[in-house]
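Please read the structure below before turning to the comments.
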Amino acid sequence: MPRAHEDERSARSVTALIESSVGSLVEILAAALVALEIVVLFGGVVSRYVFDHPLVWSDELASILFLWLAMLGAVIAFRRDEHMRMTAVVGMLPAPARDRFNAFATAAALAFLLLIVWPSCQYAQEEAAITTPALEISNAWRAAALPSGIVLMAVFALLRIGKLGSPRSVVIALGTAGGVIALFWLAGPVFRQLGNLNLLIFFVGVVAGTVFAGVPIAFAFGLSVFGYLALATHTPLIVLVGRMDEGMSHLILLAVPLFIFLGLLIEMTGMARAMVAFLASLLGHVRGGLHYVLVAAMYLVSGISGSKAADMAAVAPVLFPEMKERGAKPGDLVALLAATGAQTETIPPSLVLITIGSVTGVSIAALFTGGLLPAIVLAFLLCVVVRLRYRDAVPGAVERATKRQIARAFLIALPAVALPFLIRAAVVEGVATATEVSTIGIAYSAIAGLLIYRQFDWAALRPMLVSTACLSGAILLIIGTATGMAWGLTQSGFSRTLAATMTGLPGGAISFMAASIAAFVVLGSVLEGIPAIVLFGPLLFPIAKANGIHEVHYAMVVILAMGIGLFAPPFGVGYYAACAIGRVEPAEGIRPIWAYMLALVVGTVIVAAVPWISIGFLK
């Protein structure tokens, strides 16, 4: 027996050494990639705007590095167990059952990784035939990130599953996951006869079952779309990997890690504290004062990056620490953050607005003009909920600031307060793209921290870079698998069926608008805004025009409805992105978010009922 125990300890020691060594190497590489992306994109801005000599290869190199950053970040998130998952149901179970579900969640994630590893290798082989236009290298250098990240996550899944519970519970978890997959596989001939009923089985049933069982969201989406394509269609599985690549490596999403790092940087340099101190001097004495500030801050910065996740990442690190110190519950904070993400979808320059203009022919300038007031209506209603929720709260020991104190706080915070205006001006004036602009903010914040606030902790840079990669990977893997799901819905013919159904609705414009709101809330929960608009915009906008609905008015209603679906649990991807950015368990935000979602629904109905809100300022 002593010999057996000694061998077991030795095996565990070797396993821990492997995990630590591989994990440290991945973290170093991911941190270096974040830093390199900042240097490449900022170098492109300086070269183009200052020296009038564009670096034609900068975007291409950034795209290659970005997919590696996303996959290595997902590996770090898997190792740290920081992929978003729903634990509301599992958390109510007794400890032994909870351990079994945790083991099952890891086994299910491992199953998806093992199922997708070969198609990802095939995809990388096919991409080898493509040569990049600027760097003139094989695209396999970029595509190889997918199988590499998948294999590394599978390794960490195997290492983790051996630590979860007793050997018996691990065997049960593996057996359950394998048994469910085997049953689905055996039922393949039946699924191929069910037609679009498979959409309910896989995209509702499988997703709901795995999500509530505690499987990380990205892997729950991945299993559902893999099962649909493999068992209900004849589509090659390499297509799923291609759609994941498309979803994760869209260059506009590079703003996500860069804005996450910017948020960490302004917190480290003291800019965040200066900004919060000024905002608190204005509203800190009011019940729920900083909640109003969060709503206003999201309105202010929204659209500067083209990504809601990036907007939330720019605001949350500034306000959340101080709000928590003042007694705000993490669940309520992340619920309000997600709600403001939906509220600000129409604020220009929004990528969704640009997409609508490009696929429907609606004037982008008109969309930009029409998008400001609907967001104000929704912001007002969110503030009403904050007021009702905190009307009985004790304000605390914060005294109302004097005019002198407010002025002093403003002067101290001025460099920090100027940052959102600088970022927006850089985009509007064409100095930088929505992706590049965050690097200007990073350079500005670094200079302000070094020269003005005199706070810059060099030792904190590496952990900040690793945290940036980890959080970005968790968000981007969800977007990647959700994009695969969107493609599956497209190929099923669901979009054409929906358009035909809505064309035949009785009741004219009112019933069509009501059906549009309901449909786009559902679509927003399973599709990102851009795929949904590309799929259904060309189909539904002509129907809206035929019903006498102004196209800009219809666009605002559709975007707001999609935003509600995108940020509403349990299926909304945006909600889990908000939880990841706020580092809050999704279960904590479920209860408080419904009041905010009700306010958003009421606001959307008001915008739909009063066209002037959307088109009143159009020429």
Next on the checklist: Please check: side-chain N/O of Thr604 versus main-chain N/O of Ala561, any donor-acceptor pairing under 3.5 Å?
Outcome noted: no
Next on the checklist: To check you understand the geometry: which heavy-atom pair defines the closest contact between Ser138 and Ala128, and what is its length?
Outcome noted: OG-O, 3.1 Å
Next on the checklist: I want to check something: taking the side chain as every heavy atom from C-beta on, are Val215 and Phe104 in contact at a cut-off of under 4.5 Å?
Outcome noted: yes
Next on the checklist: Is it the case that the side chain of Asn139 and the backbone of Thr131 share a donor-acceptor pair, with hydrogens and angles ignored and the cut-off at 3.5 Å?
Outcome noted: no
Checklist entry - Tyr575 side chain to Pro586 main-chain N or O, any donor-acceptor pair under 3.5 Å? => result yes
Next on the checklist: Using side-chain heavy atoms (C-beta onward) and a distance below 4.5 Å, is Leu600 in contact with Leu381?
Outcome noted: no
Checklist entry - Has Ile510 got more than 12 heavy atoms of other residues, nucleotides or ligands less than 6.0 Å from its CD1? => result no
Next on the checklist: I'd like to know if the side chain of Asp245 reaches the main chain of Val241, judged simply by a donor and an acceptor atom lying under 3.5 Å from each other, with no hydrogens or angles considered.
Outcome noted: no
Next on the checklist: Under 6.0 Å between ring centres: does that hold for Phe203 and Phe221?
Outcome noted: no
Next on the checklist: Between Leu476 and Phe66, is the side chain to side chain contact (heavy atoms under 4.5 Å, CB included) condition met? List the steps.
Outcome noted: CA-CA 10 Å; Leu476 292 168; Phe66 182 40; 3.6 Å; yes
Checklist entry - If you measure from CZ on Phe202 to CG on Leu194, what distance do you get to the nearest 0.5 Å? => result 9.0 Å
Item to check | Tyr228 side chain to Thr233 side chain, donor-acceptor N/O pair below 3.5 angstrom | outcome: no
Next on the checklist: Donor-acceptor pair, distance only, cut-off 3.5 Å: does the side chain of Ser63 make one with the backbone of Asp59?
Outcome noted: no
Item to check | Donor-acceptor under 3.5 Å (Glu551 side chain, Val362 main chain) | outcome: no
Next on the checklist: I'd like to know if the side chain of Arg243 and the backbone of Thr483 have a donor-acceptor N/O pair within less than 3.5 Å.
Outcome noted: no
Checklist entry - Would Val334 and Ile581 satisfy side chain to side chain contact (heavy atoms under 4.5 Å, CB included), going step by step from the backbone distance to the final call? => result CA-CA 9 Å; Val334 80; Ile581 289 165; over 6 Å; no
Item to check | Atom pair OH/CE of Tyr554 and Met513 - distance to nearest 0.5 Å | outcome: 7.5 Å
Checklist entry - Within a strict 4.5 Å, meaning less than it, do heavy atoms of the Ile564 and Met597 side chains meet? => result yes
Next on the checklist: Between Trp68 and Gly149 (side chain of the first, backbone of the second, donor and acceptor by atom type, cut-off under 3.5 Å), is there such a pair?
Outcome noted: no
Next on the checklist: For a 4.5 angstrom cut-off between non-hydrogen side-chain atoms, does Cys579 reach Glu585?
Outcome noted: no
Next on the checklist: Donor-acceptor check, side chain of His550 to backbone of Ile615, threshold 3.5 angstrom: yes or no?
Outcome noted: no
Next on the checklist: Test side chain to side chain contact (heavy atoms under 4.5 Å, CB included) on Thr481 and Met244; report intermediate values, then the result.
Outcome noted: CA-CA 6 Å; Thr481 52; Met244 288 176 59; 4.1 Å; yes
Checklist outcome for this item: Rounded to the nearest 0.5 Å, the CZ atom of Phe112 sits from the CZ atom of Phe219 at a distance of 7.5 Å
Next on the checklist: Can you tell me how far apart CG (Leu336) and CG (Leu382) are? Round to the nearest 0.5 Å.
Outcome noted: 6.5 Å
Next on the checklist: If you apply the rule side chain to side chain contact (heavy atoms under 4.5 Å, CB included), what do you find for Met556 with Leu367, and how did you get there?
Outcome noted: CA-CA 8 Å; Met556 297 305 122; Leu367 291 170; 3.9 Å; yes
Next on the checklist: Could you tell me if the side chain of Arg100 sits less than 4.5 Å from the side chain of Leu93, heavy atoms only?
Outcome noted: no
Item to check | Any side-chain heavy-atom pair of Val601 and Tyr596 under 4.5 Å | outcome: no
Item to check | Rounded distance (nearest 0.5 Å) linking atom CG of Leu146 with atom OG of Ser249 | outcome: 8.0 Å
Item to check | Nearest heavy-atom neighbours spanning Ala143 and Leu67 | outcome: CA-CD2, 4.4 Å
Item to check | Over 12 non-hydrogen atoms of neighbours within 6.0 angstrom of CZ in Arg192 | outcome: yes
Item to check | Non-hydrogen atoms of Ala173 and Ala107 that approach each other most closely | outcome: O-CB, 3.9 Å
Checklist entry - What are the two closest heavy atoms between Ala30 and Ile76, and how far apart are they? => result CB-CD1, 3.6 Å
Checklist entry - Is the Phe212 to Phe101 ring centre distance short of 6.0 Å? => result no
Item to check | Closest contact, heavy atoms only, Gly484 versus Leu240 | outcome: CA-CD1, 4.1 Å
Item to check | Any side-chain heavy-atom pair of Ser148 and Met71 under 4.5 Å | outcome: no
Checklist entry - Between Leu69 and Pro257, is any pair of side-chain heavy atoms under 4.5 Å apart? => result yes
Checklist entry - Can you tell me how far the OG atom of Ser120 sits from the CG atom of Leu115, to the nearest 0.5 Å? => result 11.5 Å
Checklist entry - Can you tell me if Asn547 uses its side chain to pair, donor with acceptor, with the backbone of Ala544 under 3.5 Å? => result no
Checklist outcome for this item: Smallest heavy-atom separation, Pro374 atom then Gly370 atom, equals CD-O, 3.0 Å
